[in-house]
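Notes follow once the structure below has been shown.
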Amino acid sequence: HTTGRPLVGAEAFTSDRGWRDHPFLLKAMGDQKFCEGLNRVIFHLSAHQAYGNMVPGLTHRKWGEHIQRHNTWWNCSRPWMDYLTRCQYLLQQGELVADVCYWFGEGAPLNVNDMKLELPRGYDFDYCSSAQVLQLSVKDGRLVLPSGANYRYLHLPAGDRMTVPLARKVRELVAGGARVVGGQRPRGAPGLTDYPRSDTEVETIAAELWDAGRVRSGRPLAGVLARDGLKPDFEGEDLQYIHRRAGEAEIYYVSHQENRPREVTCTFRIAGRRPELWDPETGVIRDLPDYSEQEGRVSVPLRFEPMQSWFVVFRRPAAGAGKAGAARNFPRWSEQATVSGPWQVSFDPKWGGPKEAVAFERLSDWSQHPDARIHYYSGTATYSGKFEISNLRSETYLDLGAVEVMARVRVNGQDCGVAWKPPYRVDISRAARVGVNSLEIDTVNLWINRLIGDEQLPLDGNWKDFETLLEWPEWFKKGEPRPSGRFTFTSCRHYKKDSPLVPSGLLGPVTIQLQDP
């Protein structure tokens, strides 16, 4: 941020969890890093899959999220990828809005883990190096870097030593009207450069600034902010946030990090603008009509589903002082009907599933099914059924209840999209019709259960340990049937025969939901 670079990339989602993760489990982790400033995801990792007969395929030993074509949920991952793309696009716009420039010191070694700043909730900061402090100037009371990054406060590092050039720079900034806080009173310069005159000059500057109270040190930063009357840039209980400014648009990304729905009134340090909701899951942009403005800040009631994040954007003038209670910001839902069994569930024999469709009188967890072909099954299974609807609105949705882990819905043969996170709900308005409708739900679980099932069978490869396959098996090199009867082949065996199975399948309840006007 301080250098003006628009992209902040990082190795993302690194793991050794062995096929346990899927987009919903990874979402909150990614959202938290977006709030910390990340705006370019570099997946760890996507191993090249050169062989169609090695599935789940090659791994980087035990490491990686296996973002690759042989993962069970790969063909359902587009909505998550679209979500990440929309988030990254908006978070690459403009510049970060932060109140504090945190200079972390001159000494050596400098370790990020030792850089602590007790900043109250609702304020943000950037790290700043000594070289960048020397580049700071003051404009209209704000500290400005050549990149354009600007701040209200310069926070000094801990320690009682400061080099002469930096001490002179702090004096220059204070004389220009900058707010400089934190840091101990310097007692001299580090090292022996120009000693003892360097110590004398630093002591003189310390007397001018620290002893005279022109640098505010020894006080908690929260107290300084309160005394200055600077209210938080964002308030929303324990929600995470980041704020960027792109031209006339103020862009807030607000993240709910818990696996439960909730409603929170969020307050933004914005005046004279009306809020819009930009949904990174769907790309939909709409007004938030219920809001109020008071003392230079706008308050907006927001609703969050489990681990949901929103963009709240202010780019247009407000009409008046706010419209609290004018209309609901979020729709209400009413249940019209329950889609009950029996279900015909078709598994893929290629991965050990039954050859014929299996009747499920009620929805249940595959891993608890008495048939080993089902409780060890991994991949996609299709639930087929029918439902009747008597009241069709322009906003009619199919809610799948609980899903382990993702599902694609077709109504009357039309693709209605993928449900990848709570609420597992898809819009069926265009596909459904009054009367009887056919329903197909392709449900995807994780590779874990099939991998555990295969561990019940003899090994057909030469392994040094669970993550080191010593050589390609002869059957693999020759393209022959496997002597063991195993279904999966991968270069890391994360699971043992007694590893616990994981919940799988469509768990429901499946209902028809209408969005109330």
Side-chain angles (χ1 to χ4, degrees), residues 24 27 76 78-80 82-83 86 254-256 259-266 274-291 300-313 323-340 363 383 385-403 406-441 443 506-517:
F24 174 54
K27 180 182 182 297
C76 290
R78 177 64 182 268
W80 180 47
D82 286 346
Y83 171 81
R86 294 186 185 104
V254 182
S255 177
H256 168 42
N259 193 13
R260 64 183 178 97
R262 63 188 300 193
E263 296 184 0
V264 181
T265 295
C266 297
R274 52 182 171 177
E276 299 171 340
L277 192 77
W278 292 37
D279 185 354
E281 293 179 27
T282 64
V284 170
I285 299 172
R286 61 179 178 83
D287 287 333
L288 290 165
D290 182 5
Y291 70 95
V300 188
L302 297 177
R303 181 193 301 166
F304 296 86
E305 298 294 346
M307 297 182 188
Q308 186 164 44
S309 300
W310 300 115
F311 283 94
V312 180
V313 179
K323 301 179 181 179
R328 292 194 302 267
N329 284 340
F330 295 87
R332 294 174 181 169
W333 298 88
S334 59
E335 181 180 317
Q336 187 190 55
T338 298
V339 183
S340 56
L363 296 175
Y383 291 71
K386 295 185 181 298
F387 67 92
E388 188 170 356
I389 189 168
S390 59
N391 184 8
L392 185 63
R393 293 183 188 167
S394 58
E395 300 289 345
T396 302
Y397 284 72
L398 185 75
D399 191 310
L400 303 180
V403 179
M406 300 168 78
R408 181 183 295 276
V409 174
R410 291 185 299 278
V411 173
N412 298 322
Q414 294 187 42
D415 187 354
C416 297
V418 172
W420 65 280
K421 63 176 290 293
Y424 295 95
R425 186 185 295 152
V426 298
D427 188 345
I428 63 170
S429 307
R430 295 183 179 181
R433 55 178 176 250
V434 174
V436 177
N437 296 261
S438 65
L439 174 63
E440 294 176 301
I441 306 171
T443 305
L506 177 62
L507 306 181
V510 179
T511 57
I512 305 297
Q513 301 279 340
L514 302 181
Q515 184 174 303
D516 294 339

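Basis for what follows: all heavy atoms, side chains included, without hydrogens, waters or symmetry-related copies.
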Answer yes or no: is there a donor N or O on one side and an acceptor on the other, between the side chain of [X] and the main chain of [Y], under 3.5 Å?
X    : Y    : answer
T282 : V284 : yes
Y383 : L506 : yes
K27  : M307 : yes
R262 : R303 : no
S429 : T396 : yes

Under 4.5 Å between any side-chain heavy atoms of [X] and [Y], yes or no?
X    : Y    : value
I285 : L277 : no
N329 : V300 : yes
T511 : L398 : no
Q308 : E281 : yes
W310 : W278 : no

Residues forming a side-chain contact (heavy atoms from CB on, under 4.5 Å) with [X], sequence neighbours excluded:
X    : value
R433 : N412, N437
A419 : L400, Y424, V426
Q336 : I389, S390, N391, I512, L514
P423 : E305, D399, R425

Partners meeting salt bridge (Lys or Arg N to Asp or Glu O under 4.0 Å) with [X] (sequence neighbours left out):
X    : result
R430 : none
R260 : E258
D279 : none
E276 : R315, R316

Considering residues at least two apart in sequence or located in another chain, which fulfil the side chain to side chain donor-acceptor pair (under 3.5 Å) criterion with T443?
none
Can you name the residues that form a side chain to side chain donor-acceptor pair (under 3.5 Å) with S334, not counting sequence neighbours?
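Applying side chain to side chain donor-acceptor pair (under 3.5 Å) to S334 gives D516.
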How close do [X] and [Y] get, heavy atom to heavy atom, and via which atoms?
X    : Y    : result
S438 : G413 : OG-N, 4.3 Å
W420 : F24  : O-CB, 3.4 Å
C266 : L302 : SG-CD1, 3.7 Å
V418 : P79  : CB-CG, 3.8 Å

Is the charged tip of R328 near the ring of Y291: under 6.0 Å from the six-membered ring centre and within 45° of its axis?
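Ring-cation test returns no.
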Is D415 salt-bridged to R408, going by a charged N under 4.0 Å from an acidic O?
yes
Taking ring-ring contact (aromatic ring centres under 6.0 Å, His included) as the test, write out the residues that go with F311, two or more places apart.
Y253
Please identify each residue that fulfils ring-ring contact (aromatic ring centres under 6.0 Å, His included) with Y397, with sequence neighbours left out.
W333
Can you see whether K421 engages Y83 through a side-chain donor-acceptor pair at a distance of less than 3.5 angstrom?
no
